[in-house]
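This report concerns only the one structure given below.
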Amino acid sequence: MINEGVIAALAACDATRNGDDSHTSGTGVRRPVQVARECTYPDFLKCQPLNFKGTEGVVKFATCTLQGNALTWWNSHVKTTTPEAAHAMPWRTLKKMMTDKYCPRGKIKKLEFEMWNLKVKGNDVDAMSSPTELMDKKINT
């Protein structure tokens, strides 16, 4: 009985399709589908992207995109100084601070060693992890 209901609902949905993935939503009025268009460099510039001169403003922009633990780490750093001082630091300094915090050299060396010494066992491709998956798994543990 449930199967019949699902089949009927899917059939009703398909009946409103117009062949180009636009739908009438049951109103009979066709909703247009926006067609993807080419984006050229001049089109991109019309969107007024952020303009960096050298590295000025890069730290503030980059830290505004942080999430999760990285955002918590950055907020605690800002509390030890001032927002103005934190955002005025050179990009190179922020990059070094983040690398020291999240990419300890010993852990990177260990991961590199493990990755270079991976061995293939048999022909079962599904059983093998890609190097990227292995790195992600090791970093997150």
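Start at 1 with the first residue, then count along the sequence. Treat the numbers as computed from the prediction; the structure is a model and nothing was measured.
- One finds the NZ atom of Lys60 at 8.5 Å from the CD atom of Glu84 (value rounded to the nearest 0.5 Å).
- Using a 4.5 Å heavy-atom threshold, the side chains of Thr99 and Lys96 count as separate.
- Remark: the Thr72 side chain and the Asn75 side chain contain no N/O donor-acceptor pair separated by less than 3.5 Å.
- Once rounded to the nearest 0.5 Å, the distance linking OG1 of Thr40 with NZ of Lys46 reads 6.5 Å.
- Side-chain contact check for Lys110 versus Phe113: every heavy-atom pair is 4.5 Å or farther apart.
- Ring geometry, His77 versus Trp74: the interplanar angle falls from 30° to 60°, so the pair is classed tilted.
- Residues Tyr102 and Ala70 approach most closely at OH-CA, 3.2 Å, considering heavy atoms.
- Here Met89 contributes atom CE and Thr63 contributes atom OG1; the two are 8.5 Å apart, rounded to the nearest 0.5 Å.
- Heavy atoms only, all atoms of each residue included: Thr81 and Ala85 are closest at CB-CB, 4.3 Å.
- Summarising the geometry, atom CE belonging to Met98 is positioned 5.5 Å from atom CH2 belonging to Trp73; distances are rounded to the nearest 0.5 Å.
- Ala86 and Val78 make their closest contact through CB-CG2, 3.8 Å (heavy atoms, listed as atom of the first residue, atom of the second, distance).
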